[in-house]
Amino acid sequence: RKEVEQDPGPFNVPEGATVAFNCTYSNSASQSFFWYRQDCRKEPKLLMSVYSSGNEDGRFTAQLNRASQYISLLIRDSKLSDSATYLCVVNMGTGRRALTFGSGTRLQVQP
Amino acid sequence: GAGVSQSPSNKVTEKGKDVELRCDPISGHTALYWYRQSLGQGLEFLIYFQGNSAPDKSGLPSDRFSAERTGGSVSTLTIQRTQQEDSAVYLCASSPDTGRGGALHFGNGTRLTVT
């Protein structure tokens, strides 16, 4: 089982749609969680951290479910500019301090 | 301010040659990471430096790969006797955070092609 697992997609959605991605992680001791965005042939960039109580940033909402070991990202009112690959990132806890990236979920928003 | 700088941006080398990739992190960032990404794939962790602690080398795929970080700043990733499967984009990132991880600032990467 991969340490951080994502559905690769692609998710093809029309403009204005709401879309959600999930990401599961294997290590229950994982401490911190993030969503990154990567545009084609570009470097990843931090989209948002994921807090235990859930958090929102404009059209983006992130949630954490520790019991089931997954995090989610919800995008409302999708824009063409949201088309990208969304990477789930997990800090695997003590003893392995480096962040572990999922393979990403590709989103294509269509006009 | 200046972001993470990587050089060269592109490197084409012949199989069997050694290559050195350089990363200049953001000034003051204590954590430095190397990842690589093959076409259409996710990021593969290679090595992590944090301050003066021993680096986490658990991601290095073979003993042909090594990295150092001098003076807690610039890092060099060296690949000896390159193989075609080493072809990938090598990404460096730095972070001001320590224990819980945090926002990584990535460089533009070095695209390595081994012919």
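Chain identifiers are assigned alphabetically (A, B, ...) following the order of the sequence lines, protein sequences preceding nucleic acid strands; residue numbering begins at 1 within each chain. The shown structure was predicted, so the numbers you read here are calculated from the model rather than taken from an experiment.
- The CG atom of B:L104 lies 3.5 Å from the OH atom of A:Y36; values are rounded to the nearest 0.5 Å.
- The part of B:Q37 that comes within reach of chain A is its side chain, from C-beta onward, which places non-hydrogen atoms under 4.5 angstrom from that chain.
- Put simply, CZ on A:F101 and CZ on B:F45 are 11.0 Å apart, with the number rounded to the nearest 0.5 Å.
- With hydrophobic clusters built from ILVMFWY side chains whose heavy atoms lie under 4.5 angstrom apart, B:Y90 shares a cluster with B:I47.
- Within 6.0 Å of CG on B:L39 lie no more than 12 heavy atoms contributed by other residues, nucleotides or ligands.
- How far OH of B:Y48 is from CG of A:L99: 8.0 Å, rounded to the nearest 0.5 Å.
- With B:N108 as reference, A:E43 is the one residue of A:R41, A:E43, A:K42 to meet the side chain to side chain contact (heavy atoms under 4.5 Å, CB included) rule.
- More than 12 heavy atoms of other residues, nucleotides or ligands shown are found within 6.0 angstrom of CZ on A:R37.
- Follow the hydrophobic side-chain contacts under 4.5 Å out from A:F33 and you reach A:I75 in the same cluster.
- Shown here is B:E85, whose CD atom has more than 12 heavy atoms of other residues, nucleotides or ligands within 6.0 Å.
- With a 4.5 angstrom heavy-atom cutoff, A:Q6 does not touch chain B via any of its atoms.
- Hydrophobic clustering places B:V114 together with B:F65 (ILVMFWY residues linked when any side-chain heavy atoms are closer than 4.5 Å, directly or through intermediates).
- For B:L43, the parts sitting under 4.5 Å from any heavy atom of chain A are the backbone and the side chain alike.
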